[in-house]
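Each residue takes its place number in the sequence, starting with 1. One-based numbering, in listed order, for ligands and for the atoms of each.
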Amino acid sequence: VRAFSTNYPVLQQAASAAATEAKVATTKNYINGEFVESSTDRWIELRNPATQELVTMVPETTREELDAATSSAQHAFKEWSQTSVLSRQRIMLDLQYLIRKNQDRIAENIVLEQGKTLIDAKGDVFRGLQVVEQACSLTSMLMGEKLTVAKDMETYTFREPLGVTAGICPFNFPAMIPLWMFPLALATGNTMVLKPSERDPGASMMLAQLAAEAGVPKGVLNIVHGSIDTVNYICDEPRIKAISFVGSDHAGKHIYDRGGANGKRVQANLGAKNHGVILPDASKQSTLNALAGAAFGAAGQRCMALSTAIFVGEAQDWIPELVDRAKALKVSYGMEPDTDVGPLITVQAKERVERLIQSGVDQGAKLLLDGRGIKPKGYENGNFVGPTIISDVMTNMDCYKEEIFGPVLVCLKAETLDDAIEIINANPYGNGTAVFTNSGPNARKFQQEIDVGQVGINVPIPVPVPPFSFTGSRGSILGDLNFYGKSGVQFYTKLKTVTSLWKESDADHTRSSVSMPTMH
Ligand code: NAD
């Protein structure tokens, strides 16, 4: 598998010295419909997380290039916002077809740059594709409202696009999260400057190419790269009206504050700590399978990973069987057949996860399965941590308090469902949670009493499909409007309300009225 960036025409030959030496192509900026080499002298190395091989060099896009991307988006907005929603939907229909056709190619690039398994990478593309499908049928969600408020007088609303919007993406879903952002932004009439994660921008580049093939005009979608400087530019640039962000708490709080202080609309999905509650009346086999899949799939690098299990009462006896299941998972490169768990994104991420495992041991928890030090054959240099299970975890331990974002399941024990609910509601995060039970009343009690925005009942990773929205809550989100679904459409549009008066005759106008119009 080669880096996708090798498919682009190199418009300038001045790639960074390291990229030239390693014979890899640089990742380009995508500005005004052209894939262009950055003139920066600051490059970020992107290495295959399973091998450490250099895949591409990602530019820290320069200030001039960021300005060029914003200018092209602003210029394109004039015409794009005037096209009919039907014609924008038609382009989205072509885009969804092209993504389906290229799904495998995009997924292979995700394995190369991000490390997840091929089948999981296909799921990454597919869950994003579902939002493109929503963007193909937007008309009813864009409809306004109308009321006759007085004789001859009507009030009605329109949903209008905001202008230039921006997207800032995390590394863990290189296709799905950009697809949460630009298809709805564009279909509602906005233009976008998108910044994929500097760790794995390849999927976004492929999607930009497909968008162009589908008929998205020049300048409507632009892609820039980098990290903090690019993000700060987006927060400060007055021509950018709204920011969609998904990523860690640290970056998200900064972007929400700085973007908000500059008058922008910001939606920010942040970190998580998702709990699964296992009641003794659950179906044992399917529950254990669900737990292993949701804790260790994607090497635990999902914001909806079920990283914390609370075993209630006799269900505590199931933990040894869960350990057996976790041991059976194959850890290797994502392109190797039957791989269940791939590498972590970077060496630093691996070291951080290992440190958090050790902190659990040091603070008195029991390490039932230790995935540290694993070296899959042929991939000895990769950032691998195998499935790890820590039991007897208490809520004051670091491995409970911090989002681990690795293949580590921390297990707590509770006497009753009430105790489990109390633990979850006391946790600052509120992204997702799940209960495993065969009792309707228990499931219903959990659903009603749990203070978490996305609840699974015998569903370990309850990420809603569009037209529902991704409704993480509490510490897992900043901003009021969620990604995709109705809420996503509302985020990318603003309401305009018109009050009109069409009188049949001018005869009753004898005197000016200066009192407050009451319209009765
Ligand atoms: P990250 O915050 O490190 O990076 C996200 C984006 O922010 C990147 O584009 C990066 O360039 C930028 N960034 C990073 N540090 C920054 C800083 N100091 N200042 C300004 N910008 C900065 O996140 P990540 O490691 O790529 O992604 C993993 C995190 O994302 C996890 O915490 C995970 O839970 C979260 N996530 C949340 C959701 C959700 O919907 N709640 C979905 C996916 C991922």
Side-chain angles (χ1 to χ4, degrees), residues 42 44 46 49 58-61 113-116 124 127-128 131 166-181 193-201 203-204 223-236 243-259 266-274 298-308 344-346 348-350 352-353 356 383 402-406 428-433 452-454 461-464 469-479 481-485 487-488:
R42 292 159 66 215
I44 302 159
L46 193 161
V58 183
E60 285 275 5
T61 298
E113 294 189 355
Q114 200 272 352
K116 62 179 71 174
D124 185 331
R127 289 308 302 253
V131 184
I168 302 171
C169 305
F171 79 83
N172 65 332
F173 283 99
M176 181 183 82
I177 304 254
L179 289 172
W180 280 8
M181 297 176 181
V193 176
L194 183 76
K195 192 200 89 63
S197 168
E198 64 277 25
R199 312 252 164 253
D200 46 25
S204 286
I223 304 202
V224 297
H225 302 285
S227 50
I228 296 175
D229 290 349
T230 301
V231 166
N232 286 342
Y233 170 89
I234 290 171
C235 292
D236 295 344
I243 306 173
S244 297
F245 169 84
V246 178
S248 65
D249 295 357
H250 177 71
K253 284 176 184 160
H254 168 73
I255 291 165
Y256 188 78
D257 289 348
R258 189 156 170 165
V266 185
Q267 57 178 179
N269 274 12
L270 312 177
K273 194 83 184 173
N274 308 307
Q301 297 178 119
R302 290 182 184 136
C303 66
M304 287 288 278
L306 210 57
S307 55
T308 307
L344 295 174
I345 187 73
T346 56
Q348 293 77 10
K350 176 182 180 232
R352 186 181 158 276
V353 168
L356 280 164
N383 311 321
E402 282 195 41
E403 180 184 35
I404 301 180
F405 227 53
Y429 290 112
N431 217 31
T433 187
V452 173
Q454 301 179 106
I461 303 185
V463 176
S469 301
F470 189 97
T471 55
S473 64
R474 294 197 282 131
S476 297
I477 184 172
L478 287 170
L481 292 170
N482 302 116
F483 280 87
Y484 65 84
S487 191

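- The side chain to side chain contact (heavy atoms under 4.5 Å, CB included) test with Lys195 singles out one residue from Ile168, Ile223, Ile243, Thr61, and that residue is Ile168.
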Dump the pairs for me: ligand 1 N or O, protein N or O, distance under 3.5 Å, to 0.1 Å.
residue  : atom   : partner : partner atom : Å
ligand 1 : 2 (O)  : Ser248  : N            : 2.9
ligand 1 : 2 (O)  : Ser248  : OG           : 2.5
ligand 1 : 9 (O)  : Cys169  : O            : 2.8
ligand 1 : 9 (O)  : Lys195  : NZ           : 2.9
ligand 1 : 11 (O) : Lys195  : NZ           : 3.0
ligand 1 : 11 (O) : Glu198  : OE1          : 2.7
ligand 1 : 11 (O) : Glu198  : OE2          : 3.3
ligand 1 : 23 (O) : Ser248  : N            : 3.4
ligand 1 : 26 (O) : Phe171  : N            : 3.0
ligand 1 : 30 (O) : Gly247  : O            : 3.3
ligand 1 : 32 (O) : Glu403  : OE1          : 2.7
ligand 1 : 34 (O) : Glu403  : OE2          : 2.6
ligand 1 : 40 (O) : Asn269  : ND2          : 3.0
ligand 1 : 41 (N) : Leu270  : O            : 2.8

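- Put simply, the side chain of Asn274 gets close to the backbone of Gly432: a donor and an acceptor are under 3.5 Å apart.
- Considering only residues two or more places apart in sequence or on other chains, Phe470 meets the ring-ring contact (aromatic ring centres under 6.0 Å, His included) condition with Trp180.
- For the pair Glu60 and Ser227, the tightest heavy-atom approach, listed with the atom from each and the gap, is OE2-OG, 2.9 Å.
- The salt bridge (charged side-chain N to carboxylate O under 4.0 Å, His left out) check on Asp257 picks up nothing, with sequence neighbours excluded.
- With sequence neighbours excluded, no residue forms a ring-ring contact (aromatic ring centres under 6.0 Å, His included) with Phe173.
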